[in-house]
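Here's the structure, in structure tokens; my notes come after.
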Amino acid sequence: MKEFNKLCKEFEEMDAMSYNLVLDELASRIIPALQVITKDGITGEITFARFLLGAVVSDGKLSEEEYLFMEPMLLRFFGNDVDFEYCKALIKENKTAGKDLKNEVDQMVDVLGLLSEDLKNDIVTVCLMVCAVDGKVSLREKRWIKQLINE
């Protein structure tokens with residue numbers, strides 16, 4: 001627990017340049033590996049997107065920093081109609097987010113079980129980085145990440 005909190009703090013305090021370097025390196029390993037296990041490049045990218053979106057909504061709110069982090073992927077998958085205010089409204093309107101997120105976590109843990117320990121750690125690290133991008137990993141976000149770790 002102490003090590004996990006220390007890691008959260010490191011990501012919360014990481015500067016933008018370092019953050020982007022780590023993220024680029026991890027994504028360059030994760031997406032190709034997911035494409036291999038799904039045997040379909042699109043499904044691999046969507047699987048990665050599900051992990052990222054799960055991290056974003058794990059605390060039930062969307063910060064502007066989280067949105068900006070996700071924006072390139074959202075635009076790629078959903079087009080220009082998905083802006084910050086639209087995403088915030090979707091999260092706020094979704095009264096069943098807790099139940100849906102629990103089901104998503106179960107499916108994500110199944111995917112993690114198919115991966116090497118290193119790749120699993122990379123995905124969990126990226127999810128933690130998404131949670132930390134706004135400068136604070138909340139208790140709800142920590143609980144969500146721990147569900148991925150403690151498959």
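Position 1 is the first residue of the sequence; numbering continues from there.
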Original post:
Does the side chain to side chain contact (heavy atoms under 4.5 Å, CB included) test come out yes or no for Leu115 and Asp122, once each step is laid out?
Top reply: CA-CA 10 Å; Leu115 305 174; Asp122 287 349; over 6 Å; no

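- What you find for Phe4 and Ile145 is that their closest heavy atoms are CE1-CG2, 3.6 Å.
- The side-chain heavy atoms of Leu68 and Phe84, taken from C-beta on, include no pair separated by under 4.5 Å.
- Nearest heavy-atom pair across Ser138 and Glu141 is N-OE1, 2.7 Å.
- Side chain to side chain, Ser18 and Asp15 meet the donor-acceptor criterion of an N or O pair below 3.5 Å.
- Phe11 pairs by the ring pair (Phe, Tyr, Trp, His ring centres under 6.0 Å) definition with nothing, not counting sequence neighbours.
- Atom CG of Leu139 is separated from atom CH2 of Trp144 by 15.0 Å, given to the nearest 0.5 angstrom.
- Side-chain contact check for Leu26 versus Ile123: every heavy-atom pair is 4.5 Å or farther apart.
- A donor-acceptor pair is defined here as one N or O able to donate and one able to accept, closer than 3.5 Å; such a pair exists between the side chain of Glu12 and the backbone of Val137.
- If you chain together hydrophobic residues whose side chains sit under 4.5 Å apart, Leu21 and Val133 never meet in one group.
- Across every non-hydrogen atom of Ala27 and Pro32, the tightest pair is O-CD, 3.9 Å.
- Contact check for Lys120 versus Ile149: no side-chain heavy atoms found under the 4.5 Å cut-off.
- Note that NZ of Lys142 and NZ of Lys136 are 5.0 Å apart. Values are rounded to the nearest 0.5 Å.
- Listed here is the closest heavy atom pair of Met129 and Leu23: CE-N, 4.0 Å.
- Considering every non-hydrogen atom in both Ile30 and Leu119, the closest pair reads CA-CD1, 3.8 Å.
- Ala55 approaches Cys127 most closely through the heavy-atom pair CB-O, 3.6 Å.
- Judged purely by atom type and a 3.5 angstrom limit, Glu25 has no side-chain atom pairing as donor or acceptor with the backbone of Val22.
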